[in-house]
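Following: one structure in structure tokens, then a few remarks.
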Protein chains: 2
Amino acid sequence: MKAPVNGAGSNLTGDNNGEGDEKKSVINPELWQTCAGPLVNLPAAGTHVVYFPQGHSEQVAASMKKDVDSQIPNYPNLQSKLLCILHSVTLHADPETDEVYAQMTLQPVSSFDKEALLRSDLSMKINKPQTQFFCKTLTASDTSTHGGFSVPRRAAEKIFPPLDFSMQPPAQELVARDLHDTVWTFRHIYRGQPKRHLLTTGWSLFVSGKRLFAGDSVLFIRDENQQLLLGIRRANRQPTNLSSSVLSSDSMHIGILAAAAHAAANNSPFTVFYNPRASPSEFVIPLAKYYKAVCSSQISLGMRFRMMFETEESGTRRYMGTITGISDLDSVRWKNSQWRNLQVFILDCVFSLVLAKMGGLK
Amino acid sequence: MKAPVNGAGSNLTGDNNGEGDEKKSVINPELWQTCAGPLVNLPAAGTHVVYFPQGHSEQVAASMKKDVDSQIPNYPNLQSKLLCILHSVTLHADPETDEVYAQMTLQPVSSFDKEALLRSDLSMKINKPQTQFFCKTLTASDTSTHGGFSVPRRAAEKIFPPLDFSMQPPAQELVARDLHDTVWTFRHIYRGQPKRHLLTTGWSLFVSGKRLFAGDSVLFIRDENQQLLLGIRRANRQPTNLSSSVLSSDSMHIGILAAAAHAAANNSPFTVFYNPRASPSEFVIPLAKYYKAVCSSQISLGMRFRMMFETEESGTRRYMGTITGISDLDSVRWKNSQWRNLQVFILDCVFSLVLAKMGGLK
DNA sequence: CTGTAGGCTCCCGGCCGACAA
DNA sequence: TTGTCGGCCGGGAGCCTACAG
């Protein structure tokens, strides 16, 4: 297996040498990132990371809508967290649903030096290029067969090529590519009273082709070459409990643990998939991030914290919260795992968010 | 976990207590069997079976279109075949694709007595009730939006309720339920010059709802209560490589082996899924069938054999063949597994079938 | 500024028999 | 016996403006 160790700068690779997709099309990293959302941060290839089998297991449970059973055997030699080199990160999108996910090849290592920590820290500080984009949640009118897509004025002016306003009405043909490099063309027209931007011809093909419904979101970005790209974010529907007809969830969880245990015992590489929108758990953490969380700032009851949330318009928003409890979720199986320490943040924060909403605050 | 040990007679249970499907609808066993095809024979719940981890692994590889990697660790304590009690067999159908599959709960046992062998043998000899049905491969005209479905004359007369021929033209409304108990209604009319049976109104909804294309098959059966049921069999398209975004194929294969090894070590139950149309490998074999194959008739080079094949019209057809080679596929990992002995039959037979076709024989 | 509804047009979904394989 | 085609009719997909939140 190839093990390209890149510098800290190349934190996103679009190479597609993984299993699954047959097409050779290279996923556009900017589009992938935009579809994944602003909160998703992939570790950089070639840097050190900490892998949490427990968190990995949780993601599979979430995507199958099934809790972890008690039938799973213990792997006494498998630690709750594995220090690894991240050999490669490749970006993917489900050909059916356009769901974005990443494939990571990890190799357990026994120790790290100061330089590794420094590189991990550096890679986190690389600013992602702020791609120009807009994202709109589809209305009933947008998805009905009766009409087209109403483009928010600011969005059209920021992202779309400028119209020739000498035409009556001003109109042009837009060409945009999706994650699979499929080309979609739309008639973009500026008309009506009051005037507005609309996508008409071609829009309904896109809606039916992607099986979009009101509540789903569509996003357009303009890449560095001024090319128009588009992607989707589906509303949180029930997981399609994929793959439940192939492998029992028990076998899946055992497979995760056994694969990690085998890799740890042999220091051999192994492969995981990370679905940023399937579950909130980031189970592959940059070494520097882990180090800071554990060493520098001790977590204690009553401590206050800030947390980012993704808003509907795909911006970010900060909320304050307080830690109300700290415990290991499964202290028998995972001694001193620190996994739930991180989780406590999220749960508590969602809870305070709910309280704030109930209280009518904003 | 419940472990209902039924008599040999109840070889198909429609109980749905498995994971995956949320709906409580009970799968009709006759319809499931018809969709699975005439060659599929599920072992009876409560009887003894032999489980082949290697064959199970092959099914997963087939449904993911990925060969087994060499990264898989050895499980020195896992035998190539496990004697098990089959606690339960539940029938399922994928809610998206209607693909049929079965969930089986197995429990390794260390030995069996004469009565167990007898029961296994008896359960195999239970004749399945020969359900009245017909199956037709859809033509371009059947699936085009331009028209309806042309029903073969014999099929209509055998399966559909008789028309009132005093009407001009004779017509009626057909109501049929699918595997998910969804109701489909069609206008059945007998018209044209020459006269023929057609399904018109309602047909296109069915085609688009099930996403059928020319080459796929549709089948109608009449159950014991004279109710009309219908199902589909999709043409062999490339596997939709389900679930490749959830778990790496390595982890899946490890999961299968580790789950089996764990169950064997503890004599604890485990769960497998069997997709009859995803791969030809039956990896859960009735004890009696295994016993006969291994003990009574020794297999040798040059031996001639007969084999059943499924024809397009879902009948069966016999072909003759000769065994040209016997070997273990992976004799290092699976010592004396006998798995490929069975496989040799199939490969050789397909090969001779190809030769026959190339030679213009029929 | 933008979501929804009403109006209008015309394309294609869908029912028919003709014809030939 | 049955697959495909040309004919044809009508409903709805799809483009437009009006209006209101």
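These values consider heavy atoms only, across backbone and side chains, with no hydrogens, waters or symmetry-generated copies.
Remark: P of C:dG14 and CZ of B:Phe186 are 13 Å apart, rounded to the nearest angstrom. We find that NE2 of B:His146 is positioned 12 Å from C1' of D:dC9, with the value rounded to whole Å. In this entry the distance linking CD of B:Gln193 with P of D:dC5 reads 21 Å, nearest Å. Taking atom OH of residue B:Tyr190 and atom C1' of nucleotide C:dC16, one finds them 16 Å apart after rounding to whole Å. The CZ atom of B:Arg191 sits 5 Å away from the P atom of C:dG17 (whole-angstrom rounding). Protein atom CZ of A:Arg153 is 14 Å distant from nucleotide atom P of C:dG3, rounded to whole Å. Distance B:Asp142 CG to D:dC5 C1': 15 Å, rounded to the nearest Å. Protein atom CZ of B:Phe134 is 14 Å distant from nucleotide atom C1' of D:dT2, rounded to whole Å.
Within the structure, every side-chain polar atom (N or O) of B:Thr201 is placed at least 4.0 Å from both OP1 and OP2 of C:dG14. A:Lys195 has no side-chain polar atom (N or O) that falls below the 4.0 Å cut-off from OP1 or OP2 of D:dT17. Side-chain nitrogen and oxygen atoms of A:Ser150 include at least one within less than 4.0 Å of the OP1 or OP2 phosphate oxygen of C:dG3. Distances shown here put a side-chain N or O of B:Ser141 below 4.0 Å from the OP1 or OP2 atom of D:dT4. The phosphate of C:dC1 (OP1 or OP2) has no side-chain N or O of A:Lys136 nearer than 4.0 angstrom. In terms of phosphate contacts, A:Thr139 brings a side-chain nitrogen or oxygen within less than 4.0 Å of OP1 or OP2 of C:dT4. For A:Ser204, no side-chain nitrogen or oxygen approaches OP1 or OP2 of D:dA13 to under 4.0 Å. Side-chain nitrogen and oxygen atoms of B:Ser144 include none within less than 4.0 Å of the OP1 or OP2 phosphate oxygen of D:dT4. Listed pair A:Thr145 / D:dA13 meets the phosphate criterion, a side-chain N or O lying under 4.0 Å from OP1 or OP2.
Of the possible donor and acceptor atoms, none in the side chain of B:Asp178 sits under 3.5 Å from a partner among the backbone N and O of B:Gly231.
Note that CG of B:Asp98 is 9.0 Å distant from CG of B:Leu31, once rounded to the nearest 0.5 Å. Atom-to-atom distance recorded for A:Glu282:CD and A:Leu39:CG is 8.5 Å, nearest 0.5 angstrom. Separating the CD1 atom in A:Ile221 from the CD atom in A:Gln227 is a distance of 11.0 Å, to the nearest 0.5 Å. Put simply, OG on A:Ser150 and CZ on A:Arg196 are 5.5 Å apart, with the number rounded to the nearest 0.5 Å. For the atom pair B:Leu228 CG and B:Arg222 CZ, the distance stands at 8.0 Å (nearest 0.5 Å).
Between A:Asp216 and A:Arg211 there is no salt bridge, since none of the side-chain N atoms of the basic residue sits less than 4.0 Å from a carboxylate O of the acidic one.
Nearer to the 5' terminus of DNA chain D, by closest-nucleotide assignment, is the contact made by A:Gly148 (compared with the other of A:Gly148 and A:Pro194).
The aromatic rings of B:Phe220 and B:Phe134 sit parallel to each other, their planes meeting at less than 30°, with 60° as the upper class boundary. Between A:Trp203 and A:Phe149, the ring-plane angle classifies as parallel under the 30° and 60° cut-offs.
Taking every heavy atom of residues 165-174 of chain B and every atom of DNA chain D, no pair lies under 4.0 Å.
Each end of the helix from C:dC1-D:dG21 to C:dA21-D:dT1 gets its own rotation axis from five pairs of C1' atoms, and the angle between them is 40° to the nearest 10 degrees.
Residue-to-nucleotide contacts include no donor-acceptor pair under 3.5 Å from the side chain of A:Arg187 to the base of D:dG14.
A:Glu173 and A:Thr185 share no side-chain donor-acceptor pair at under 3.5 Å.
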